[in-house]
Amino acid sequence: MTDPNTTLSGASIAPMSTDDLDWVCAQEAALQAHPWTRGNFMDALGAGNEGWIMRVAGEPVAYAVVLRVLDEAHLLGIGVAVSEQRRGYGRRLLQHLCERAAKESATSFFLEVRVSNDAAQALYRGMGFDEIGRRRGYYPAGVGREDAIVMRRTL
Ligand SMILES: CC(C)(COP(=O)(O)OP(=O)(O)OC[C@H]1O[C@@H](n2cnc3c(N)ncnc32)[C@H](O)[C@@H]1OP(=O)(O)O)[C@@H](O)C(=O)NCCC(=O)NCCS
């Protein structure tokens with residue numbers, strides 16, 4: 001079994017626990033126009049999805065939630081604290097999740113991203129994710145709904 005606590009040159013990535021949820025929910029509220037609630041995170045973790053926290057010098061900087069189904073991994077959410085963005089943490093966290101899924105026999109990593117989210121799309125495209133489709137009106141938006149781009153990276 002892979003050690004779930006992994007150190008990446010000063011940054012550590014470990015499973016998310018309920019003790020992390022105050023910090024996670026505060027980031028989520030700051031980062032997302034339509035944030036997951038504490039209940040959403042509790043439900044996701046309770047359903048067996050993987051939650052991850054990245055820490056640098058012991059302080060949390062990023063989080064992610066991943067759904068695993070057979071040979072597929074799905075990114076349900078990822079966020080990097082506003083003050084810690086553009087330091088490579090998002091890329092490192094997602095790369096770690098891809099490597100971990102591949103070690104555990106996943107062959108594809110899927111995610112959805114808002115068509116308006118240029119930063120996340122740039123991150124994903126730079127990491128080898130390709131657009132494979134769109135879901136019309138997938139996300140709530142300020143006015144009406146917003147499409148999702150569905151992306152896949154072969155592991
Ligand atoms: C998307 C997000 C996770 C990226 O995290 P990050 O740690 O800032 O990203 P990194 O520093 O690892 O950047 C990796 C690459 O992504 C791209 N990127 C990241 N932020 C970007 C931005 N604001 N504008 C354009 N490109 C960006 C760049 O290609 C970057 O590489 P570079 O710095 O060498 O140019 C972060 O902006 C975030 O938390 N956003 C709010 C939540 C969110 O949108 N989550 C995704 C939902 S699908």
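Just so you know, residue 1 is the first one in the sequence shown, and it goes up from there. When a ligand or atom number is given, it counts from 1 through the structure's own listing order. Predicted, not measured: the structure shown is a model, and the values here were computed from it.
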Query raised in the report: Can you name the residues that form a side-chain contact (heavy atoms from CB on, under 4.5 Å) with Asn40, not counting sequence neighbours?
Result: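 Partners of Asn40 by the side-chain contact (heavy atoms from CB on, under 4.5 Å) criterion, ordered by chain and then number, come out as Trp36, Thr37.
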Query raised in the report: Does Arg135 have any side-chain contact (heavy atoms from CB on, under 4.5 Å) partners at least two apart in sequence or in another chain, and if so, which?
Result: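 Arg135: side-chain contact (heavy atoms from CB on, under 4.5 Å) contacts with Glu112, Tyr138, Ala148, Val150.
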Query raised in the report: If you take all heavy atoms of Ala101 and Leu155, which pair is closest and at what distance?
Result: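 It is CB-CD1, 4.0 Å.
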**Report entry** Cation-aromatic face contact Arg153/Phe109, 6.0 Å, 45 degrees
**Finding:**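 Geometry flag: not set, cation outside 6.0 Å or 45°.
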**Report entry** Where at least one partner belongs to residues 71-85, residue pairs that pass salt bridge (Lys or Arg N to Asp or Glu O under 4.0 Å), sequence neighbours excluded
**Finding:**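 Every pair satisfying salt bridge (Lys or Arg N to Asp or Glu O under 4.0 Å) with a residue in residues 71-85: Glu84-Arg87.
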Query raised in the report: Would Arg68 and His74 satisfy side-chain contact (heavy atoms from CB on, under 4.5 Å), going step by step from the backbone distance to the final call?
Result: CA-CA 6 Å; Arg68 295 287 308 281; His74 295 250; over 6 Å; no
Query raised in the report: Which protein residues have a heavy atom under 4.0 Å from ligand 1?
Result: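 The answer is Leu31, Gln32, Ile78, Gly79, Val80, Gln85, Arg86, Arg87, Gly88, Tyr89, Gly90, Arg91, Glu112, Val113, Asn117, Ala119, Ala120, Ala122, Leu123, Tyr124, counting any residue whose heavy atom sits under 4.0 Å from ligand 1.
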